[in-house]
Asks: 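Quick one: structure below, then a few questions.
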Amino acid sequence: MLQLTPSQSLHHPLSSPPPPQIFPFSPFLQSCKTQHDVKRAHALSLRTGAFDHPSIASRLLALYADPKINSLSYARSVFDLIRHPDLISWNILIKCYVENQRSHDAICLFHELVHEFTPDSFTLPSVIKGCARLNAVSEGKQIHGLVVKAGFSLDKFVQSSLVSMYSRCGEIGYARKVFDQMGERDLVLWNCLIDGYARCGEVELALQLFNEMPERDYFSWTCLVDGFAKCGRLDIARDVFDRMPSRNLVSWNAMINGCMKSGDFEMAYRLFNEMPTKDIITWNSMISGYEFNGQFMEALKLFLVMLKEGLVPNHTTFVGALSAVSGLAVLSKGKWVHSLMVKHGIESEGVLGTSLIDMYSKCGSVDSALTVFRMISKKKLGHWTAVIVGLGMHGKAEHALEIFSEMCRTGLQPHAITFLGVLNACSHAGLVELGRHYFKMMTNDYGIEPTIEHYGCLVDILCRAGNLEEAKDIIEGMPMRPNKLIWMNLLSGSRNFGNINIGEYAARCLIEVAPETSGCYVVLSNIYAAAGKWDKVSSVREMMKKRGIRKEPGCSYIEHKGMLHEFNVGDKSHPQAKEIYSKMAEMREKLKSAGHVPDTSQVLLCLEDEKEKEAELENHSERLAIAFGLINVDSGTPIRIIKNLRVCNDCHSITKLLSDIYNREIIVRDNSRFHHFKNGLCSCKDFW
DNA sequence: TTAGGGTTAG
């Protein structure tokens, strides 16, 4: 039998009913924990008419905007239904926009708000934070004016957000002024300024403030650790870290990240093993730190350990892992990382789409890069740029330029890097006129100021076509000081066209800006060798010896069944060395029958005997890798080789011939681009 | 019914 409650039992069934009660909304709203709860309350409020009560609608707005629920679109729709929203409702909505990376909209709302209300000490910190996020310092300064006019010059909440905004926008001087004019300074205000100094690299000043401040918390200590660690002053960072009264995860991570970025892997590893708990940021700092320093294999190994330990990789982990794969250029590893992304349900839109396109291009599979590109539904400028750059490095200039036009038709504005991709494509394909055309288009139609990299491309384009004088004029007329790459381009062009005068001039300038560049001496001696000036070759070699400069040794590698096989010049250490050398002898015979005459013009050594020079060429590392590939890689699969230096003339001609003789596709990535060798031809059309 | 800085990977 149903037990009646006392209140129910008081009413006789025949007596008059109690007056209709308004649904008790307040406690109901208070109990909302999830978005689902709030939606239910929202629906009920609409059904019962309670929504029309301004306090109920405002409360719903606050719930949707609560960081735990964080439903911006619902918050906005509730706000739009409130007939006369009060200042509190405006404040809640603006804050919600800022927290959801919609600072621009937040600032627009703020402009609407000031027509009706004077902003208060809740409005201002939110909108100032929005300015900081957007790096909108001029907007921030205007709001600062309003802060003064509205009488918030001594409000600690408003002032600390101003200090933070100025220091994040790189205006540390203004941050300091705001700090100085505050009579009463609390911990947060001190922290904002210390963080500002540490961020802009003024670590000494940060330390000075730190020593002056009356009390410190985690935040103050960690800002300092991070500031010193980021600018490479690890000893001081470590000292501060060791002196911390107690450490939290963030401070460990800051220290580890700093060590990794400075390349002190040993200290990073010690800390990594010592720390009591790790989180995804710890792992990501380690992985991307290795990647940052070119330790691609180490980065991938650690990625694997992380997976084995059962951690779930996130967006940033994949950016690091994909970049490491791009550096190694090992396609099978790239496919594996891509499949893991799919398995973890990580979208390829956004930055990761760019990483994937870049990875497939740099691993030699430009077709996969295109497939990824086509599958991205909302293509952003970065995606277009990545695919243009990728096609360019594979010598597919026409395709790159088609994509560029397609992009312009969608109404997207190319930026400086897009043009770098376009110009690079032109240079790799020897398209001189088009190169000039796009260089002009960039400045005239898009108002983009050419950087030194753009000039580098233009010089490269002209040099490849043999217009050395014009290239020299461009360099001399540049508004900035030419760098190492520019002179190297002119020097290589001079070698390719046998121009000793310009070659010597370029080498002289190059030695001036970068005396440690071994390539410079090598190319200059190549120029002299080609002209048969052996005395000059010797003097260049003497100079190299005196300055302690050594030619970077050639090294090639090839991946087979998940293993990387590395070959150095004249290497006999490989387990299959015997087979490889007999394959090389076979290659030599076949090349000879095909009528190949070795091109010894680029041999650095001063060898009298032609035979010795030929022998030097035959030891080049990519030949060992090709021989290995011919022995081991299945006949239907391309042989993919990665090389640390530029492919030399003779290796280039023999690889073309070998692709025909053995009917194999050979893909070589050298230090600047890809060569696809097939049926006796190369995709670079002999421009490289 | 709002509550400053939020530091570490990118």
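Each chain gets a letter, A, B and so on, in the order its sequence line appears, and its residues count up from 1. Computed from a predicted model, the values in this text were never measured in an experiment.
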Asks: Please determine if a side-chain N or O atom of A/R168 lies less than 4.0 Å away from the OP1 or OP2 oxygen of B/dG6.
Replies: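 True: A/R168 side-chain N/O within range (under 4.0 Å) of B/dG6 OP1/OP2.
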
Asks: Would you mind telling me which of B/dA9, B/dG4, B/dT1 lies closest to the side-chain atoms of A/V188?
Replies: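 Out of B/dA9, B/dG4, B/dT1, the nucleotide with an atom closest to A/V188's side chain is B/dG4.
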
Asks: Look at A/S288 and B/dG10 and indicate whether a side-chain polar atom (N or O) is within less than 4.0 Å of OP1 or OP2.
Replies: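 Answer yes for this pair, as a side-chain N or O of A/S288 is under 4.0 Å from OP1 or OP2.
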
Asks: Using the six-membered ring of A/F292, assess whether NZ or CZ of A/K261 lies under 6.0 Å from its centre and within 45 degrees of the ring axis.
Replies: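 Yes, A/K261 sits over the ring of A/F292.
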
Asks: Looking across every strand, which nucleic acid part, if any, lies under 4.0 Å from A/S55 by heavy atom: base, sugar-phosphate, or nothing?
Replies: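 The answer is nothing, as A/S55 stays clear of every strand by at least 4.0 Å.
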
Asks: Mind checking if A/D186 touches a base, just sugar-phosphate, or nothing, with heavy atoms under 4.0 Å?
Replies: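 Base contact.
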
Asks: What's A/I92 touching, base or sugar-phosphate or nothing? Going by heavy atoms closer than 4.0 Å.
Replies: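 A/I92: backbone/sugar contact only, no base atoms under 4.0 Å.
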
Asks: Okay, side chain of A/D120, backbone of A/F122: is any donor-acceptor separation there less than 3.5 Å?
Replies: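 Judged by distance alone, yes, a pair lies under 3.5 Å.
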
Asks: At 4.0 Å (heavy atoms only), tell me whether A/D66 reaches a base, stays on the sugar-phosphate, or touches nothing.
Replies: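 Nothing, no nucleic acid heavy atom in range.
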
Asks: Among side-chain atoms of A/R76 and A/Y97, is any donor-acceptor pair under 3.5 angstrom?
Replies: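 Per modelled atom types, A/R76 and A/Y97 side chains form a pair under 3.5 Å.
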
Asks: Looking across every strand, which nucleic acid part, if any, lies under 4.0 Å from A/D155 by heavy atom: base, sugar-phosphate, or nothing?
Replies: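 No contact.
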
Asks: Counting any heavy atom closer than 4.0 Å, what does A/K278 reach on the DNA or RNA strands: base, sugar-phosphate only, or nothing?
Replies: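 No contact at all - A/K278 keeps every heavy atom at 4.0 Å or more from the nucleic acid.
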
Asks: Are OP1 or OP2 of B/dA9 and a side-chain N or O of A/N257 less than 4.0 angstrom apart?
Replies: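 Yes, A/N257 has a side-chain N/O under 4.0 Å of OP1/OP2 on B/dA9.
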
Asks: Taking A/W283 as the fixed residue, which of A/Y290, A/F272, A/F303 is the one that meets the ring pair (Phe, Tyr, Trp, His ring centres under 6.0 Å) rule?
Replies: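 Filter result, single survivor: A/F272.
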
Asks: Nearest to the side chain of A/N91, heavy atoms from C-beta on, is which of B/dG4, B/dT2, B/dA9?
Replies: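 For the A/N91 side chain, the nearest candidate turns out to be B/dT2.
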
Asks: Under 4.0 Å, counting only non-hydrogen atoms across every strand here, what does A/K156 touch: a base, just sugar-phosphate, or nothing?
Replies: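 Touches a base.
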
Asks: Could you check whether A/S285 gets within reach of a base, just the sugar-phosphate, or nothing at all, counting any heavy atom under 4.0 Å?
Replies: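 Answer is sugar-phosphate: A/S285 comes under 4.0 Å of backbone atoms only.
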
Asks: At 4.0 Å (heavy atoms only), tell me whether A/D226 reaches a base, stays on the sugar-phosphate, or touches nothing.
Replies: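 Since only primed, P, OP1 and OP2 atoms lie under 4.0 Å of A/D226, the category is sugar-phosphate.
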
Asks: Can you tell me if A/K95 touches the phosphate of B/dT1, counting only side-chain N or O atoms and a distance under 4.0 Å to OP1 or OP2?
Replies: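 Answer no for this pair, as no side-chain N or O of A/K95 is under 4.0 Å from OP1 or OP2.
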
Asks: Taking only residues two or more places apart in sequence or in another chain, which ones pass ring pair (Phe, Tyr, Trp, His ring centres under 6.0 Å) with A/F152?
Replies: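 Ring pair (Phe, Tyr, Trp, His ring centres under 6.0 Å) list for A/F152, sorted by chain: empty.
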
